[in-house]
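What you are looking at is a predicted structure, and each value in this text was computed from that prediction instead of being measured. One is the number of the first residue; the rest follow in order along the sequence.
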Amino acid sequence: MMRWDRMRESSNVEDNRSSGGGMVGGGLRLGVGGIAVAVVVGLLLGKSPMEILGFVMQLSGNQPVATQGARPAATDNDQNKQMVAHVLGDTEDTWKQLFAEQADAQYVAPKLVLFRNAVQSACGQASSAVGPFYCPADSKVYLDLGFFDELHRRFGAPGDFAAAYVVAHEVGHHVQNQLGISDKVHQAEQKLSKAAANALSVKLELQADCFAGVWGHYASQRGVLEAGDLEEALKAANAIGDDTLQRNAGHSIAPDSFTHGTSEQRMHWFRQGFDNGNMKLCNTFAKGA
């Protein structure tokens, strides 16, 4: 089990769970314009068409929010919150050092917002259905802790380091935003076909996986990982690959619709960062990468 209690606890965690996120009962009703906004926000966040569809259906009230009322009440000292705060603190320490050593830049840490059911971000309103996400407009990571239960029950990827991988992946998007990579990618996507834009989105997501692995490399060096932790993260990366998700949903594999990469790609790039600890080796945009 990962010794997250040995990591420094971050003060950059905002707990908004007590507000309930403004989504109660059957959800909100959206008009055509609202649905269009939801789709655009989903695409900006790198979500797959299936994820966006589920998000829109929930906000439109066309399907119930299955997890409402089932999650424990928010507290100030629950274990998942503590674990996330310690992992976030460790990513802050790691990236502050790496920016100075490998990027000749200053790292500004993101905020991490905990929410339940739905949340309002600078990128728009989002449901828990879209999963954890990073909003570049406000430099915040958004997380419903119920996703860790989903990771365990639905995706068969339990463990603290599997959950930490999810946090580190979203922090990886913040690293991309800090380095100007995200802006370049989103600008390029506007000029591409849907398939080409998806392919570029995959490279952005895989780089975030690699950056998560870079953090894991230094966490391992600090002695906070134990036997089996790496396998937990790789199992999570495998479970949420686009091809695996499509196959498990009973659909044929459609590479042109990929937004995050195959299971093999996600495991490869996380391992690339974990084995080397060098952010410069996370260039998923290089020819032949």
Side-chain angles (χ1 to χ4, degrees), residues 4 6-13 44-46 84-113 122-123 132-142 161 164-191 199-225 230 233 237 260-261 265-266 268-289:
W4 54 262
R6 296 179 181 174
M7 300 176 178
R8 182 184 63 81
E9 183 175 4
S10 173
S11 60
N12 288 316
V13 177
L44 287 175
L45 296 176
V84 166
H86 283 269
V87 169
L88 183 65
D90 205 61
T91 66
E92 292 168 353
D93 295 342
T94 298
W95 287 112
K96 181 179 180 180
Q97 180 177 347
L98 292 182
F99 264 52
E101 295 176 353
Q102 299 183 16
D104 192 24
Q106 183 177 359
Y107 181 68
V108 180
K111 298 285 187 179
L112 188 149
V113 180
C123 294
F133 67 94
Y134 172 73
C135 177
D138 58 18
S139 297
K140 293 182 178 181
V141 172
Y142 291 85
F161 197 58
Y165 155 67
V166 172
V167 174
H169 172 90
E170 300 306 333
V171 171
H173 284 308
H174 179 68
V175 171
Q176 292 171 322
N177 191 34
Q178 292 264 287
L179 295 175
I181 298 171
S182 302
D183 283 342
K184 292 179 180 179
V185 169
H186 292 319
Q187 290 172 10
E189 286 177 331
Q190 308 306 313
K191 306 173 184 178
L200 202 57
S201 175
V202 165
K203 294 179 180 180
L204 192 68
E205 293 295 333
L206 293 176
Q207 187 180 57
D209 279 334
C210 188
F211 285 161
V214 168
W215 163 75
H217 172 87
Y218 292 99
S220 178
Q221 282 195 340
R222 285 189 288 274
V224 297
L225 302 188
L230 174 60
H260 289 68
Q265 288 172 326
R266 300 201 71 168
H268 166 80
W269 282 105
F270 179 83
R271 193 67 192 253
Q272 169 86 341
F274 189 92
D275 288 344
N276 295 283
N278 188 341
M279 59 190 297
K280 295 180 180 179
L281 296 181
C282 291
N283 186 5
T284 56
F285 302 94
K287 186 176 181 180

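- Using a 4.5 Å cut-off on side-chain heavy atoms (C-beta onward), Leu230 and Arg271 make contact.
- Gln176 and His173 are linked by a side-chain donor-acceptor pair at a separation below 3.5 angstrom, with hydrogens and angles left out of the test.
- Atom CD1 of Ile181 and atom NE2 of His186 lie 11.5 Å apart (nearest 0.5 Å).
- Not counting sequence neighbours, the partners of Ala188 by the side-chain contact (heavy atoms from CB on, under 4.5 Å) test are Leu200.
- Closest of all the heavy-atom pairs between Ala122 and Cys135 is C-SG, 3.8 Å.
- Partners of His174 under the ring pair (Phe, Tyr, Trp, His ring centres under 6.0 Å) rule, at least two apart in sequence or in another chain, are Tyr107, Tyr134.
- Contact of the His169 side chain with the Glu205 side chain is registered, since non-hydrogen atoms from C-beta on lie closer than 4.5 Å.
- A side-chain hydrogen bond (donor to acceptor under 3.5 Å, both in side chains) check over residues 215-225, counting only residues at least two apart or in different chains, returns the pairs Asp90-Trp215, Asp90-Arg222, Thr94-Arg222, His217-Gln221.
- Within the structure, side-chain hydrogen bond (donor to acceptor under 3.5 Å, both in side chains) pairs that include any residue of residues 278-289 do not occur (at least two apart or interchain).
- Annotation: the span from Lys140 atom NZ to Leu112 atom CG amounts to 10.5 Å, rounded to 0.5 Å.
- Between Met279 and Trp95, the closest side-chain pair of non-hydrogen atoms falls below 4.5 Å.
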### Task
Take Val141 and Lys111 through the side-chain contact (heavy atoms from CB on, under 4.5 Å) test and state the conclusion after the steps.
CA-CA 6 Å; Val141 172; Lys111 298 285 187 179; over 6 Å; no
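- Residues Ser10 and Leu88 come closest through the heavy atom pair OG-CD2, 3.6 Å.
- Every side-chain contact (heavy atoms from CB on, under 4.5 Å) that Cys210 has, sequence neighbours left out, goes to Trp269, Gln272, Cys282.
- Under the 3.5 Å distance criterion, the side-chain polar atoms of Arg8 are matched with a main-chain donor or acceptor of Gly89.
- Contact between Val166 and Pro132 at its shortest, heavy atoms only, is CG1-CG, 3.7 Å.
- Atom CD of Glu101 has more than 12 heavy atoms from other residues, nucleotides or ligands within 6.0 Å.
- When every heavy atom of Gly172 is checked against every heavy atom of Phe211, the shortest pair comes out as O-CD1, 3.6 Å.
- For the residue pair Val202 and Gln265, the shortest heavy atom distance occurs at CG1-OE1, 4.2 Å.
- Contact record, Val224 with Ala219: CG2-O, 3.1 Å, taken as the closest heavy-atom pair.
- Between the side chain of Glu170 and the backbone N or O of Tyr142 there is no donor-acceptor pair closer than 3.5 Å.
- The distance from the CG atom of Leu225 to the CH2 atom of Trp4 is 14.5 Å, given to the nearest 0.5 Å.
- Under the side-chain contact (heavy atoms from CB on, under 4.5 Å) criterion, Lys184 pairs with no residue at all, not counting sequence neighbours.
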